[in-house]
2 protein chains.
Amino acid sequence: MRKVSESTVRRLSLYLRFLEQSLVHGLTTISSGDLARRGGTTSAQVRKDLSSFGSFGKRGLGYSVPQLATRIRDILGLGRAYRVVLVGAGKIGGALVHYEGFRQRGFQIGAIYDRDPKKVGSRWNGVVVRDVKRLEADLTKEPSDIAIVTTPAESAQAVVDALVAAGVPAILNFAPVPLDVPAGVFLKHVNMALELEALSYALANR
Amino acid sequence: MRKVSESTVRRLSLYLRFLEQSLVHGLTTISSGDLARRGGTTSAQVRKDLSSFGSFGKRGLGYSVPQLATRIRDILGLGRAYRVVLVGAGKIGGALVHYEGFRQRGFQIGAIYDRDPKKVGSRWNGVVVRDVKRLEADLTKEPSDIAIVTTPAESAQAVVDALVAAGVPAILNFAPVPLDVPAGVFLKHVNMALELEALSYALANR
DNA sequence: TTCTGTGAATAGGTTCACAGCT
DNA sequence: AGCTGTGAACCTATTCACAGAA
């Protein structure tokens, strides 16, 4: 397996969604051109993306929908469930807890943490909110694969430090602040204000 | 001004954040190296990014913090307020309505739309939720620069079609579905499941 | 001396184009 | 004929390295 770019991984996720839809519609075979149209790219790109991982298609025919879906799910590591902890029981945290798309894909929110004593003890979508003080101790007993950080900017780095200390290998950050993690820990940001600013730039310079 | 990449625009937003913080801390001058450290990039990258728009620095010294902040705000088109409409008064929509980061940057949510009669008429952070049927008519009277779509996947394309028909030039989509817009309309996606899948890939292939 | 601004070099990602299966 | 798989060409973005201003 050769080195694969971030963009390729993103596109694989999109292909997988389309494959799953196609499966529901009873399609058995699909061409790179079909996948391209839906993923907003070109057929050559689709084939290149897939070829990094092997040859899954049949020349003259295309790809088997269920086979390719399984293969991509495998590549993306979606063949298993992930235990996710969420730190920060605010508005965004609440939205994420109730977001069905996560659970559907095997991302199970197993614990929620907050600093606010008024929130601690309440139930969010069946999960009890715990005091963030327990975060490190809990993670030692119940290791998590992924943490989602939805705290205010000020607390985010401290939370991330605790997560890293407790051995959490992957973090998705919604706090609008750049964070430091040691090498070997995977960190991704979702920054909604940034996206709006990109639109603002586009509008200002059209 | 030469052509500027998406990544450059994203980095400019990050530089701006750091500049604003530095301003609060009373700094008057900053070097490309300082900006780089905070933006997770290199000093050469920072200088290249800025040089697409002009020469704002002083050799041997660096950049004036307030001047550069103003200049970037200008470049990004943040010198003005934007009227934003939000379509989809669900959990994510609710989180966005209350997100202070938007208003701080001049993105003002002026109207919220939903299909659910139970939600229509209620107040969200001071804004009354309207029936989505009124969307096009309202937009004709009160044009908006940006729309944020947080509907379920099924309704997103229809909503976007209405937005485009009503002349909205920029759309930020949170629905987990690819959308079609005509050329000239700016469309950006925020796909949280996709980000988790990128982490899943990283974990599976480390 | 310090730090910017920028051409030149390098690396990385995308598209082309075509040989080779089915 | 249709569609994949892939080297080669192309294009875009990042890094290097250095001349020049403060």
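Letters A, B, ... mirror the listed sequences (proteins, then strands); counts begin at 1. The analysis underlying the following values was restricted to heavy atoms, covering all of them including side chains, and did not include hydrogens, waters or symmetry mates.
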Take Arg11(A) and Glu6(A) through the test salt bridge (charged side-chain N to carboxylate O under 4.0 Å, His left out) and record every step on the way to the result. CA-CA 9 Å; Arg11(A) 283 192 299 265; Glu6(A) 179 82 21; over 6 Å; no
Passes salt bridge (charged side-chain N to carboxylate O under 4.0 Å, His left out), Lys141(B) versus Glu136(B)? Steps please. CA-CA 9 Å; Lys141(B) 280 176 290 178; Glu136(B) 275 193 73; over 6 Å; no
Give me the residues of residues 196-206 of chain A where at least one heavy atom lies under 4.0 Å from an atom of DNA chain C, by number, or none. none
Go through it in stages, so that I can follow the logic: the residues are Glu142(B) and Arg134(B), the test is salt bridge (charged side-chain N to carboxylate O under 4.0 Å, His left out), and I'd like the CA-CA distance, side-chain angles, deciding distance and then a yes or no. CA-CA 12 Å; Glu142(B) 312 169 302; Arg134(B) 291 174 47 192; over 6 Å; no
Pair Arg73(A) + Glu197(B), salt bridge at N-O below 4.0 Å: no
In terms of side-chain heavy atoms, does Asn191(A) have a donor or acceptor partner in Glu195(A) at a distance below 3.5 Å? no
Working to the nearest 0.5 Å, report the span between CG of Leu19(A) and CZ of Arg38(A). 11.0 Å
Check the distance between dC21(C)'s C1' and Leu61(A)'s CG and give it to me in whole angstrom. 11 Å
For chain B and DNA chain D, what are the first and last nucleotides along the strand, 5' to 3', with at least one atom under 4.0 angstrom from a heavy atom of the protein chain? dA13(D) to dA22(D)
Check for me whether the distance between the ring centres of Tyr82(A) and Phe107(A) falls short of 6.0 Å. yes
Taking for Ser7(A) and for Gly60(A) the nucleotide of DNA chain C with the nearest heavy atom, the one nearer the 5' end belongs to Ser7(A)
Numerically ordered, the residues 14-39 of chain A set in heavy-atom contact under 4.0 Å with DNA chain C is none
For Arg80(A), which residues count as a side-chain hydrogen bond (donor to acceptor under 3.5 Å, both in side chains) partner, sequence neighbours excluded? Asp145(A)
Answer with yes or no after comparing the ring centroid distance for Phe18(A) and Tyr15(A) against a 6.0 Å cut-off, counting only values under it. no
Taking atom CZ as the centre, does Arg83(B) end up with more than 12 heavy-atom neighbours from other residues, nucleotides or ligands that are less than 6.0 angstrom away? yes
Nearest-Å distance, CD (Glu6(A)) to P (dA11(C))? 21 Å
So which pairs with a foot in residues 91-101 of chain A pass salt bridge (charged side-chain N to carboxylate O under 4.0 Å, His left out), sequence neighbours left out? none
Any Lys/Arg nitrogen of Glu154(B) or Arg115(B) sitting under 4.0 Å from an Asp/Glu carboxylate oxygen of the other? no
Can you tell me how far OG1 of Thr151(A) sits from CD of Gln157(A), rounded to the nearest 0.5 angstrom? 10.0 Å
Strictly below 4.0 Å, heavy-atom distances to any atom of DNA chain C: list the hits from residues 40-57 of chain B, or just say none. Arg47(B), Lys48(B), Ser51(B), Ser55(B), Phe56(B), Gly57(B)
